[in-house]
Structures are given as structure tokens and as C-alpha cells.
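Report on one structure; see the data block that follows.
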There are 2 protein chains.
Amino acid sequence: MTRDRDNTKRKILEAVGALLARTGFSKVGINTVAREAGVDKALIYRYFGGMPGLLRAFAVHGRFWPTIAELLGGKRESLTSLAEASVTILQGHLAALRSRPVTQEIMRWELQERNELTDELARHREQQGIELMELMNAPAPGQAGGDFAAVAAIVHAGLSYLVLRSKTADSYLGVDLGSEDGWRRIDAAIDEVVRGYVESLARE
Amino acid sequence: MTRDRDNTKRKILEAVGALLARTGFSKVGINTVAREAGVDKALIYRYFGGMPGLLRAFAVHGRFWPTIAELLGGKRESLTSLAEASVTILQGHLAALRSRPVTQEIMRWELQERNELTDELARHREQQGIELMELMNAPAPGQAGGDFAAVAAIVHAGLSYLVLRSKTADSYLGVDLGSEDGWRRIDAAIDEVVRGYVESLARE
DNA sequence: TCTGTATGTCACCGACAGGTGACTTAGTCA
DNA sequence: TGACTAAGTCACCTGTCGGTGACATACAGA
């Protein structure tokens, strides 16, 4: 065999991602990762110091969260109104999350367990979320007669939940989570509910 | 020691609930349940046939899902409008879920794993969800110019996610998930967003 | 009072987990 | 070419898991 530390480290990190996407966090351990990577587990300890270190390296190395640019999907210039911006961002969130199985697994993991790593990941996302809120030019609570941030949080969370749930459920409240048709309904509903709400704010 | 099969079974089932609420599904196993119940694990095999049988018995015995009556919170008579009914039901869903840690754990479990038991639980809830939709007297998609069911699914899912996330996160998009204040914002936002949306439907 | 049964106890199995230390060997540099 | 370093291998430890069979004994019914 050839000896190549960097390549081995890469194989290990890739194994984490593959295992994560395929089997979820609960099955990711030293032994399974080593097996998946075709590498002796002692090397994981030598190169990453153990499971926590490996996960940290994995978290740092990967691009799990969509950039703001991706969320906007090249529509940055069209964000002329609060409704416009909100719909674009929320629809972008839905599409981005759906296309990232590993991110979904990380989010499932975050729901189960709290540790320094999940906290760090959460901090990063919370930070980005707040940037997004600013990008929507959201009015502060009360300022426009409504709590826009709280509404956005509900919808954002709802999209997250529907995507996470789609792995293990066929439908949710009658909406098919297994077909593109169902997701088109969700996508359209984002538009409906956000515009409806923002209009009601404007009317006050 | 006294010999009392029924009491032992009860202790075992209670141990499942306690363990579930305290440590989540991933830590629920034959050994941990037996230890928690202060009982020999052989009895679990004798009385329940093993882990799947125990979980099934647990699922049957417990009241994890709020009844429709609880969701309505004694406001059945006031459901005069679509908006009224929807807000009441969604706020009821939020309160009910927040008060049920075991239900939350089951839902976390459902996000991770799919098996006959989670499927059965999901079927039951999907059924109840559809009843709720009918109770809201929801117009069919397209009938009122909007897909009410999809919007309701997003909001319903969002509330679920926020509650599940509150165990491991302090805030979500700037909304504090650890204080009653944050939840009051969510509660109010349900009202805002639903009314805003329903009004926009009426205006078409 | 005796006896059968079912409740509860215990010891043990194989499999697999995380973790470690000693060994072999490939590649590099003097 | 020889020697050193580090990459890779292997054997083995401890603990826990799910699962099972043999055993002890409390209790009810004859």
C-alpha cells in the first residue's frame, strides 16, 4: 500500500460524510468510520485525536450551510420589498436544505443532543439567520404592528421540519412529502402565506 | 420481595417513560430500562417478548397525543370562522406539545428512524391531523384561491420544530426559546400570520 | 401440609463498542 | 547504503449491549 497521510485523512472525512448521509448520526462511530474508510481505527486517533476531534474536523471542512448568495438564487436585485425578499429567502432555504442530506442529518442530530460541537454549529447558523433577517429588512417587533421575526421563525422552522420529516414520513397533514408535487404546494404556500401576512401588516 | 406481575409490568412501562423523557430514545434499551425499573431484564422478555413488544405496549398504554378536545381548550363554540378555528387549533397544538416531553421524544425518534411502530404512530397522527383540517372547515386547494392545507402544514410543522429545538437550542432566528416571553411571541405570531393569510384569501 | 406454577434471580453467551500499545514497514534524507 | 521517522497494522483490553437457560422461591389451591 502507499503511505499518504493527507489522503488517509481525506478518506476518513469522506467516510464520515457518506456514513452520515446513509445511516444517520447514531451509527457513526470510530469503528464504523474506520470500516467505511477502509482504514485502521488507530489512525483516526492518531490524526484526529478521537471522535470529537474527527467531528470537529468534519464540521470545519464541509460546506453544510447554504451561503446567503445561494439562498437568494441570483435574485438579489429583485428584493425590492419585504414580501419579495422573504419569499425568496424562505424558498431558497427549502431548496437548499432539500438538496443537502448531510445537513439534514446534522440538524436531526442537533435535535437530539447538545454538546460543544452542536452548539458551535448552532451559533454559526443563528448568526447567519440574523443576517438574513436583516437582509429582509425586517421591521423590529411592534414597529409595524406585528412580530415579523417570530412569523419568519415559524415558517422557517416549518420548512425545516417538513424536510427532516420527509425522510421518515410519506405525508404531513395531507401534504405529500414524497413527490415533487407536494413540494411545489409547499413552495407556493410560502408565497401565499408570506404575502398574505405582509399585506396585512401594510394595511394597519 | 413481593411477587406481583402487574405491578412489575407497570414499573417497566413507567421506566420507559421516565427514561425517554430524561435521556431520549437513543438510550432506551433492555438493560437501561431494566436498571431504571429496578427489575431483572429477563422479565422484560417474559412479559413483553423483547424491545419491540415493550415499545408497542408503551405506545398503546400512553396518552401521547392531545385529544381534539384538548387542542380546542374548551373553545369549541367560538370557532365561528376559519381564522378563529385555525388559530385556536394551532395554539392548542403548541401548548399541548410543549407540555408533553415524552411526545417530543417520540417525535424526535420519528425523525430518525422508520419502523412499524413509528409508522403506526404516524398513521394515527396523520389521521387526527386530517380530522383537524376538516374541523377548520378548510377549503380544498384552489377553491378559495389558496392552498390552505399546505399553509397549515407549514405553520403546524414550524411549531413542532420550534418545540423540539427548544431542548437543545436557546434561540431560533432571534426568538428566545428558553423563556415564556419567547413563546408568547410565537403564540401571538400564530394569530398574526393566520389571520393575515385568511384575510388575504377572503379578499380575492 | 404438600405440590405445582409462575415470579423473580443469576450467570453466562457472543457481538461489538471505544480505546491503547507494540510491532512492521515504506519513504526520506544524510 | 544505512538509519531514522512516521504511516499503517495488529492484538488485545475493558465495558456494554441484547439475549437465554438454569435455578430459587413465594404463593395459591388441593
Side-chain angles (χ1 to χ4, degrees), chain A residues 1-59 61 105 108-109 112-118, chain B residues 1-59 61 105 108-109 112-118:
Chain A
M1 98 274 352
T2 73
R3 302 192 160 192
D4 184 340
R5 179 177 184 137
D6 288 341
N7 191 43
T8 300
K9 288 177 74 172
R10 190 185 47 73
K11 279 197 295 185
I12 293 170
L13 288 171
E14 280 175 3
V16 173
L19 216 47
L20 208 51
R22 179 145 42 84
T23 66
F25 247 102
S26 61
K27 311 273 179 148
V28 175
I30 293 286
N31 291 294
T32 52
V33 169
R35 244 194 314 274
E36 173 85 15
V39 144
D40 195 281
K41 63 177 168 177
L43 298 181
I44 297 179
Y45 288 99
R46 208 175 281 166
Y47 297 156
F48 299 99
M51 204 54 205
L54 174 57
L55 289 180
R56 184 162 305 116
F58 181 74
H61 121 290
E105 285 307 324
R108 288 195 185 88
W109 182 42
Q112 303 275 342
E113 210 176 323
R114 178 164 202 170
N115 54 47
E116 26 165 321
L117 184 54
T118 56
Chain B
M1 99 279 344
T2 76
R3 301 192 161 193
D4 184 340
R5 179 176 184 141
D6 288 340
N7 191 44
T8 300
K9 289 178 74 173
R10 190 185 46 74
K11 280 197 294 186
I12 293 171
L13 288 170
E14 281 175 4
V16 173
L19 217 47
L20 209 50
R22 179 148 39 88
T23 66
F25 248 101
S26 61
K27 311 273 178 146
V28 175
I30 293 287
N31 291 294
T32 51
V33 170
R35 219 174 296 134
E36 173 84 14
V39 145
D40 194 282
K41 63 177 169 178
L43 299 181
I44 298 179
Y45 288 99
R46 251 215 288 278
Y47 297 155
F48 299 99
M51 203 54 204
L54 174 56
L55 289 179
R56 184 161 307 116
F58 181 74
H61 121 289
E105 285 309 322
R108 290 195 183 88
W109 182 41
Q112 304 275 342
E113 210 177 322
R114 178 166 201 167
N115 54 46
E116 25 165 322
L117 184 54
T118 57

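In what follows, every chain begins at residue 1, and chains take the letters A, B, ... in the order their sequences are listed.
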Query raised in the report: Would you call Glu36(B)-Lys11(B) a salt bridge at under 4.0 Å N-O?
Result: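 Salt bridge absent between Glu36(B) and Lys11(B).
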Query raised in the report: Are Arg108(B) and Glu105(B) ion-paired here, with the side-chain N under 4.0 Å from a carboxylate O?
Result: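 Counted as a salt bridge, because a side-chain N and a carboxylate O are separated by less than 4.0 Å.
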Nearest whole Å is fine: how far is [N] [atom2] from [X] [atom1]?
X	N	atom1	atom2	answer
Asn7(B)	dA26(D)	CG	P	18 Å
Leu54(A)	dG19(C)	CG	C1'	15 Å
Ile44(A)	dG8(D)	CD1	C1'	13 Å
Lys9(B)	dG8(C)	NZ	P	11 Å
Phe48(A)	dG8(D)	CZ	P	12 Å
Arg35(A)	dC10(D)	CZ	C1'	16 Å
Ile12(B)	dG8(C)	CD1	C1'	11 Å
Arg5(B)	dT9(C)	CZ	P	15 Å

**Report entry** For the student: nearest non-hydrogen atoms of Asn31(A) and Lys41(A), plus distance
**Finding:**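 The pair with the smallest heavy-atom distance is OD1-NZ, 3.1 Å.
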Requested in this report: Considering non-hydrogen atoms only, spot the tightest contact between Tyr45(A) and Ile30(A) and give its length.
Outcome: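 Nearest pair, atom of Tyr45(A) first, then Ile30(A): OH-CG1, 3.6 Å.
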Taking only side-chain N and O atoms of [X], does any of them lie within less than 4.0 angstrom of OP1 or OP2 on [N]?
X	N	value
Thr8(A)	dG8(D)	yes
Tyr47(A)	dG8(D)	yes
Thr2(A)	dA26(C)	no

For nucleotides 19-22 of chain D, which of its nitrogen or oxygen atoms have a protein nitrogen or oxygen under 3.5 Å away, and what is each distance?
residue, atom, partner, partner atom, Å
dG19(D), OP2, Tyr45(B), OH, 2.9
dG19(D), O5', Tyr45(B), OH, 3.3
dG19(D), N7, Lys41(B), NZ, 3.0
dG19(D), O6, Lys41(B), NZ, 2.6

Report task. Go through the steps for Val16(B) and Phe48(B) under the test side-chain contact (heavy atoms from CB on, under 4.5 Å), then give the verdict. Result -> CA-CA 13 Å; Val16(B) 173; Phe48(B) 299 99; over 6 Å; no
Query raised in the report: Quick one: which of dA7(D), dT25(D), dG8(D) gets closest to the side chain of Arg3(B)?
Result: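 Given the options dA7(D), dT25(D), dG8(D), the side chain of Arg3(B) is closest to dT25(D).
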Query raised in the report: Measuring from Arg46(B):CZ to Arg5(B):CZ, what's the distance to the nearest 0.5 Å?
Result: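 Output value for this atom pair is 8.5 Å.
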Report task. Return yes if some donor-acceptor pair links the side-chain N/O of Thr23(A) with the main-chain N/O of Leu20(A) below 3.5 Å, else return no. Result ->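 No, Thr23(A) side chain to Leu20(A) backbone: no donor-acceptor pair under 3.5 Å.
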Query raised in the report: Mapping Val39(B) and Gly29(A) onto DNA chain C by nearest heavy atom, which one lands closer to the 5' end?
Result: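 Between the two, 5'-proximity favours Val39(B).
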